[in-house]
There are 2 protein chains.
Amino acid sequence: MPDYHDPRQNRLLAALPADEYARLAPQLELIPLALGDVLYESGIPMHHVYFPTDSIVSLLYVMEDGASAEIAMVGNEGVVGISLFMGGETTPSRAVVQCAGHAYRLTSQVLKDEFDRVGGRRSGALHNLLLRYTQALLTQMAQTAVCNRHHSLDQQLCRWLLLSLDRLSANELVMTQELIANMLGVRREGVTEAAGNLQRAGVIEYRRGHITVLDRPGLEARTCECYAVVKREFDRLLPEENAL
Amino acid sequence: MPDYHDPRQNRLLAALPADEYARLAPQLELIPLALGDVLYESGIPMHHVYFPTDSIVSLLYVMEDGASAEIAMVGNEGVVGISLFMGGETTPSRAVVQCAGHAYRLTSQVLKDEFDRVGGRRSGALHNLLLRYTQALLTQMAQTAVCNRHHSLDQQLCRWLLLSLDRLSANELVMTQELIANMLGVRREGVTEAAGNLQRAGVIEYRRGHITVLDRPGLEARTCECYAVVKREFDRLLPEENAL
DNA sequence: CGCGATAGGTGCGACAGCGAACAGACGCGG
DNA sequence: CCGCGTCTGTTCGCTGTCGCACCTATCGCG
């Protein structure tokens, strides 16, 4: 994790053409995100969209009885607050910081103006980029649903670790088993056991809230197809080098 | 189910202002949909979007081993083929006709032209409507994920029946338990048992592929919160009477 | 009107994940 | 460097769903 900060560490912002980026850059506000911060709450209108750089934000649904489940996660490949440009203003879920770090944010008004802006050409790059990202997010949610239905906790843990790693470009996560259990919507003991299996197999190592991945291919071999499907779709929809 | 056909039986089309509807109407093609028809296949570019009127289409993810799970369902409140306007062209899922009926379709090009059309501002009604619908669909997927994680088969069956009924404006479904099991991603026997419970309680009645709902409030009482969350979100995002 | 295919019903062993309760162990703050 | 709070490990009985095997009932078709 670099010490300096640049909005272009976020892949969506990085993919904007120079003119659009130039219009937005002065409006981007760097915000530190602490573990557990809530960026928005179910049903409450949000005022900003957040472009994470070195943080991860989870979209979490919290049920009436307090149980929870992660619906999707957002890191430097995406943006938190799609309902602002999709037109709904709110969602029935909560956005919680899962890995501390930073994000750049825009006010809702600035985002909407740029989203709806009609340049000389018909489609603004931001407009297209955000819609494509939304489709990728959709795939992530769909796959979460499928995975919840069909795959074992062990597989799901692997998927979750891999998705997190991809979004941090790191091989260590600061994350207790309790937190992971909340995200996956399972018991903490279940995570202990699944993580124990991985540890015994030499795939990961952890000590009190620090998980280090030793053998990434090992993780990939143990996870279900869901991880690959999501990754492939993100890569397809959001090429590394866009209209730069 | 009426004998005549009118594109405005689809709520999205019905919500379009007169001028936009007038542009599209001549391009709408009425298509009969038979049970099991596949509107599009995972990863294959689609050429039309479908606006169901008296049919239901399921978005299904089929796994490598053949197991499947429904991700969302689309009826007269929506449209099949959002990836056309979202920009991805394909999705990793399959769209299958779950209840036979009809849909109007547009070619991908006509849809995109209207979607991107800029009348002074970008905000064509179709553009906004489709994005709001997409957000509603997103909620449906998210809730499917949550429901798969936390709720019992009995509850899920109730949710599924209610969602289907809402999309048909009927109280009878033509649907075998085997099919339902495929949608929910569970065993057929599980559905038999859950349906048996409902039948014994006098909530539904069925005979060989025909399910009749006798006591809708009873269903609502037995389902989990997921149904209400999805319904509320659809009602909020897609008001009955729009900019007509 | 009767046959065959298809839909629905049942029983049983296996097992993953749950809920609760508790024991160790690490590491931060004082 | 000590102690306590937090995080992790383990146990046990329980329940819901699975996977399989097999049977029965119904409907539609010839």
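Just so we're clear, the structure is a prediction, and the values are computed from it rather than from any experiment. Convention: sequence-line order gives letters A, B, ...; per-chain numbering from 1.
For D:dG9, one of the phosphate oxygens OP1 or OP2 lies less than 4.0 angstrom from a side-chain nitrogen or oxygen of A:Tyr206. Of the side-chain N and O atoms in B:Gln199, none sit less than 4.0 angstrom from OP1 or OP2 of C:dG8.
Straight-line distance from the CG atom of A:Leu153 to the P atom of D:dC18: 17 Å, rounded to whole Å. Look at CD on A:Gln155: it is 12 Å from C1' on C:dA16, rounded to the nearest Å. Distance B:Leu179 CG to C:dG8 C1': 13 Å, rounded to the nearest Å. Distance, A:Ile180 CD1 to C:dG17 P: 15 Å, rounded to whole Å. Taking atom NE2 on A:His150 and atom C1' on D:dT17, their separation rounds to 13 Å, with Å as the unit. Between A:Leu173 atom CG and D:dC7 atom C1' the separation is 16 Å, expressed in whole Å. With rounding to whole Å, A:Asn148 atom CG is found 15 Å from D:dT17 atom P. In this structure, A:Arg188 places its CZ atom 13 Å from P of C:dA20, rounding to the nearest Å.
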Report, one pair per line, the protein and nucleotides 26-30 of chain D atoms (nitrogen or oxygen only) whose separation is under 3.5 Å.
unit_1 : atom_1 : unit_2   : atom_2 : d
D:dT26 : O2     : B:Arg208 : NE     : 3.3
D:dT26 : O2     : B:Arg208 : NH1    : 2.9
D:dT26 : O2     : B:Arg208 : NH2    : 3.3
D:dC27 : O4'    : B:Arg208 : NE     : 3.1

Pick out the pairs of N or O atoms, protein on one side and nucleotides 11-14 of chain D on the other, that lie under 3.5 Å.
none

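A salt bridge is absent between B:Arg11 and B:Glu77; no separation between the charged side-chain nitrogens and carboxylate oxygens falls under 4.0 Å. Taking a cutoff of 4.0 Å between a charged side-chain nitrogen and a carboxylate oxygen, B:Arg105 and B:Glu29 qualify as a salt bridge. A salt bridge links A:Arg216 with A:Asp166; the closest basic N to acidic carboxylate O contact falls under 4.0 Å.
A donor-acceptor pair is defined here as one N or O able to donate and one able to accept, closer than 3.5 Å; such a pair exists between the side chain of A:Thr192 and the backbone of A:Arg188. A donor-acceptor contact shorter than 3.5 Å is absent between the side chain of A:Asp235 and the backbone of A:Arg232. Side-chain atoms of A:Asn76 never come within 3.5 Å of backbone atoms of A:Pro52 as a donor-acceptor pair (strictly under, hydrogens ignored). A donor-acceptor pair under 3.5 Å is formed between the side chain of B:Ser55 and the backbone N or O of B:His102. At least one donor-acceptor pair under 3.5 Å links the side chain of B:Gln156 to the backbone N or O of B:His151. Within the 3.5 Å criterion, the main-chain N or O of A:Ser68 finds a donor-acceptor partner in the side chain of B:His150.
Among the protein residues, A:Gly190 comes within range of no part of the nucleic acid, since none of its heavy atoms lies under 4.0 Å from any strand.
Two residues, A:Arg200 and B:Val186, neighbour DNA chain D, and the one matched to the more 5' nucleotide by heavy-atom proximity is A:Arg200.
Side-chain proximity of A:Thr192 to C:dG9, D:dG9, D:dT17: nearest is D:dG9.
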